[in-house]
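Working notes, beginning with the structure itself.
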Amino acid sequence: MELKIANAPCSWGIEFADNPANPTWQTVLDEIAGAGYGATELGPLGYLPTDKAALNEALSVRSLGLIAGTLFVHLHKPEERDAILEKTRVTCQILKEQGADFLVVIDHVSSPRTDQAGQVETATRLNDEQWAEMMETLRGVGTVCAEYGITPTLHAHAGTYIEYRDELDKAMRDLPPELMSLCVDTGHCVYAGMDPSEVLRTYRDRVKYLHFKDINADVHAVSVKAGTDFYTAIGNNIFCPLGQGCVDFDEVRQTLIEIDFNGWVTVEQDTDPAAKSDAKTDAEKSRAFIEKAVIAKVA
C-alpha cells in the first residue's frame with residue numbers, strides 16, 4: 001500500500017462558491033500548502049480560478065497539485081440533467097488541463113434528506129422511477145468523464161439520496177464499473193451507520209479514491225437522536241481532526257493493506273466557514289495523525 005495525501009477546500013468550509021462567509025481562495029491554498037499538503041481538490045466550481053493559466057499559477061506558486069474535482073448537484077432531479085452534464089463537461093475540462101485524475105460525484109444535500117442524515121431506518125427513499133432517473137443521470141456523468149479521461153467516483157454522502165448502505169449497494173449494481181467507480185469517505189460511512197473498512201473490502205475493485213474524515217461520536221449520537229439536519233450538525237462540529245473521533249483508522253489501514261490500495265487520500269473536515277475555528281491547525285493535526293498512524297505503520 002502506498003498513500004499520497006491531499007486536503008480540500010471543504011476543510012475551510014467551502015461548500016458553495018458564492019458563500020460570503022468563505023475565506024478567499026488565496027488564503028485556503030496558502031494554508032493547505034502551509035499545513036504540509038502537496039495537493040488539493042478543485043472545490044465547488046467557480047471558487048478557485050477556472051482559467052487554465054490562472055489556476056496553474058495559483059497552484060504552482062504554492063507547489064500544489066490538483067487531483068480531483070467535485071460534482072455536487074441534484075442528481076435525483078431529472079429536470080436538471082442537461083445542466084448537470086454541462087457542468088460535468090466544464091469541470092472535466094479544467095481537471096484535464098491540470099492533470100487531475102478524479103471527479104467526486106455527490107447527490108446534493110436536499111430536503112427532506114438533509115433533516116434525516118444518519119437516520120437509516122426512517123429516512124425517505126426515492127421511488128423506483130425517481131431512482132431510475134438518477135441512475136440515468138449518473139450514467140451520463142460517467143460517459144462525459146470517459147470522454148475527458150477523468151475517473152468518476154461516486155461518494156455516498158450524509159443528507160442525500162445516496163447515503164445508506166442499501167442505496168450504495170443499489171447504485172453499485174445499477175451503474176457499470178466502467179462508468180462509475182467509488183470514493184469511500186470514512187466519516188460519511190460512519191455517519192450513515194456503515195463500517196468503512198467493510199465497504200472498502202466489498203468494493204475493493206471499484207475504490208479508486210479515498211476521503212479520510214473523522215466524526216465525533218457524541219455529536220453524531222445526539223444529532224441522529226434529535227433529527228438534527230446535516231448543516232446544523234456541521235456547525236456543531238460533528239467532524240473533527242483525524243484521530244480525535246470514532247473512525248477506526250487502525251482497521252482502515254489494515255484493510256487498505258489487504259486490498260493493496262495505492263493512490264490518493266484527501267483529508268477533509270467539513271466545517272462552517274463562519275465558525276471561529278482554525279482550519280489550518282486542524283489540517284496540520286490531521287496530517288500528523290495520518291503520517292504517524294497510517295503511513296508510518298505501513299513503512
Intermediate values then yes/no, side-chain contact (heavy atoms from CB on, under 4.5 Å), Ser197 and Asp248: CA-CA 9 Å; Ser197 294; Asp248 188 344; over 6 Å; no
Quick one: does Leu154's side chain get under 4.5 Å of Met172's, heavy atoms only? yes
Just by distance, do the side chain of Thr160 and the backbone of His108 share a donor-acceptor pair under 3.5 Å? no
May I ask you to decide if Phe212's main-chain N or O and Asp214's side chain share a donor-acceptor pair within less than 3.5 Å? no
Is any NZ, NE, NH1 or NH2 atom of the basic residue among Arg113 and Glu163 found under 4.0 Å from an Asp or Glu carboxylate oxygen of the other? yes
Are the side chains of Glu133 and Leu126 in touch, meaning some heavy atoms are under 4.5 Å apart? no
With rounding to the nearest 0.5 Å, note down the distance linking CG in Leu242 to CD in Gln269. 8.0 Å
Between Tyr164 (side chain) and Gly118 (backbone), is there a donor-acceptor pair under 3.5 Å? yes
Is a side-chain donor-acceptor pair under 3.5 Å present for Glu198 with Thr202? yes
Does His155 have its ring centroid less than 6.0 Å away from the ring centroid of Phe102? no
side-chain contact (heavy atoms from CB on, under 4.5 Å) assessment of Thr122 paired with Gln116: CA-CA 8 Å; Thr122 57; Gln116 301 167 345; 5.9 Å; no
Within a radius of less than 6.0 Å around CG of Asn262, do more than 12 heavy atoms belonging to other residues, nucleotides or ligands occur? yes
Does the plane of the ring in His220 sit parallel, tilted or perpendicular to the ring in Tyr191? Use 30° and 60° as the thresholds. perpendicular
If hydrophobic clusters are built by linking Ile, Leu, Val, Met, Phe, Trp and Tyr wherever their side-chain heavy atoms come under 4.5 Å apart, do Val141 and Tyr148 end up in the same one? yes
Check whether Leu95 and Leu45 end up in the same hydrophobic cluster, where Ile, Leu, Val, Met, Phe, Trp and Tyr are linked by side-chain heavy atoms less than 4.5 Å apart. yes
Determine whether Leu168 and Met194 make a side-chain contact, defined as any pair of heavy atoms from C-beta on separated by less than 4.5 Å. yes
Donor-acceptor pair, side chain of Gln98 and main chain of Lys52, under 3.5 angstrom: yes
Return yes if some donor-acceptor pair links the side-chain N/O of Tyr209 with the main-chain N/O of Trp264 below 3.5 Å, else return no. no
List the atom of Gly46, the atom of Ala17, and the distance in Å for their closest heavy-atom pair. C-CB, 3.9 Å
When you measure from the side chain of His188 to the backbone N and O of Ala156, does any donor-acceptor pair fall under 3.5 Å? no
Tell me whether Val294 is reachable from Ile257 by hopping between hydrophobic residues (I, L, V, M, F, W, Y) whose side-chain heavy atoms are closer than 4.5 Å. yes
Just wondering, do Thr255 and Phe261 contact through their side chains at under 4.5 Å, heavy atoms? no
Residues Arg287, Glu284: salt bridge by 4.0 Å N-O rule: no
Sidechain-backbone polar pair: Arg201 side chain, Glu258 backbone, donor-acceptor under 3.5 Å: no
Checking Arg165 side chain against Val120 main chain: does a donor-acceptor pair fall under 3.5 Å? no
Closest non-hydrogen atoms of Leu200 and Ile259, given as atom of the first, atom of the second and distance, are O-CD1, 4.1 Å
Minimum heavy-atom separation for Asp51 to Ala53, with atom names? OD2-N, 3.2 Å
Parallel, tilted or perpendicular: which fits the ring planes of Phe230 and His157, with parallel below 30° and perpendicular above 60°? perpendicular
How far apart are the C-alpha atoms of Phe249 and Ile290, what are their side-chain angles, what is the distance that settles it, and do they pass the side-chain contact (heavy atoms from CB on, under 4.5 Å) test? CA-CA 9 Å; Phe249 282 102; Ile290 192 174; over 6 Å; no
Taking C-beta and beyond as the side chain, do Pro177 and Asp205 meet within less than 4.5 Å on heavy atoms? no
Under the criterion side-chain contact (heavy atoms from CB on, under 4.5 Å), I'd like the reasoning laid out for Thr143 against Leu85: C-alpha separation, chi angles, the key distance, then a yes or no. CA-CA 9 Å; Thr143 299; Leu85 296 183; over 6 Å; no
Does some side-chain heavy atom of Asp282 sit less than 4.5 Å from a side-chain heavy atom of Ser11? no
Are more than 12 heavy atoms from other residues, nucleotides or ligands located less than 6.0 Å from atom CD of Glu86? yes
Other residues, nucleotides and ligands only: do more than 12 of their heavy atoms fall within 6.0 Å of CD on Glu79? yes
Any chance CG of Asp82 has more than 12 other-residue heavy atoms, nucleotides or ligands included, within less than 6.0 Å? no
Compare every heavy atom of Asn216 with every heavy atom of Cys240, then report the nearest pair and how far apart it is. SG-N, 4.0 Å
Would you call Ile234 and Phe239 a side-chain contact if the rule is heavy atoms closer than 4.5 Å? yes
Compare every heavy atom of Met135 with every heavy atom of Ala171, then report the nearest pair and how far apart it is. CA-SD, 4.1 Å
Pairwise distance CD1(Ile32) to CG(Leu59) - rounded to 0.5 angstrom: 9.5 Å
More than 12 heavy atoms of other residues, nucleotides or ligands under 6.0 Å from CD of Glu121: yes or no? no
Taking the basic N atoms (NZ, or NE/NH1/NH2) and the acidic carboxylate oxygens, is any pair closer than 4.0 Å for Arg125 and Glu167? yes
Going by atom types only, do His211 and Glu41 share a side-chain donor-acceptor pair under 3.5 Å? yes
Interatomic distance, Lys77 atom NZ to Ser110 atom OG [nearest 0.5 angstrom]: 6.5 Å
Taking atom CG of Leu182 and atom NZ of Lys208, what is their separation to the nearest 0.5 Å? 10.5 Å
For residues Val73 and Val90: do they belong to one hydrophobic cluster (side chain heavy atoms under 4.5 Å, members Ile, Leu, Val, Met, Phe, Trp, Tyr)? yes
Tell me if the centroids of the rings in Tyr161 and His74 come within less than 6.0 Å of each other. no
Here the gap from Leu71 atom CG to Leu103 atom CG, rounded to the nearest 0.5 Å, amounts to 5.5 Å
Can you find a heavy atom in the side chain of Thr88 that is under 4.5 Å from one in the side chain of Ile150? no
Search all heavy atoms of Val224 against all heavy atoms of Ala117 and return the closest pair with its distance. CG2-O, 4.2 Å
From Thr40 OG1 over to Ile67 CD1, what is the distance, rounded to the nearest 0.5 angstrom? 7.5 Å
Under the 3.5 angstrom rule, does the side chain of Asp229 hit a backbone N or O of Thr114 as a donor-acceptor pair? no
Classify the side-chain pair Asp270/Tyr231 by whether it contains a donor and acceptor separated by less than 3.5 Å. no
In terms of hydrophobic clustering (I, L, V, M, F, W, Y; side-chain heavy atoms under 4.5 Å; direct or indirect links), are Leu179 and Val207 co-clustered? no
Would the distance check show the side chain of Asp107 and the main-chain N or O of Leu75 forming a donor-acceptor pair, the cut-off being under 3.5 Å? yes
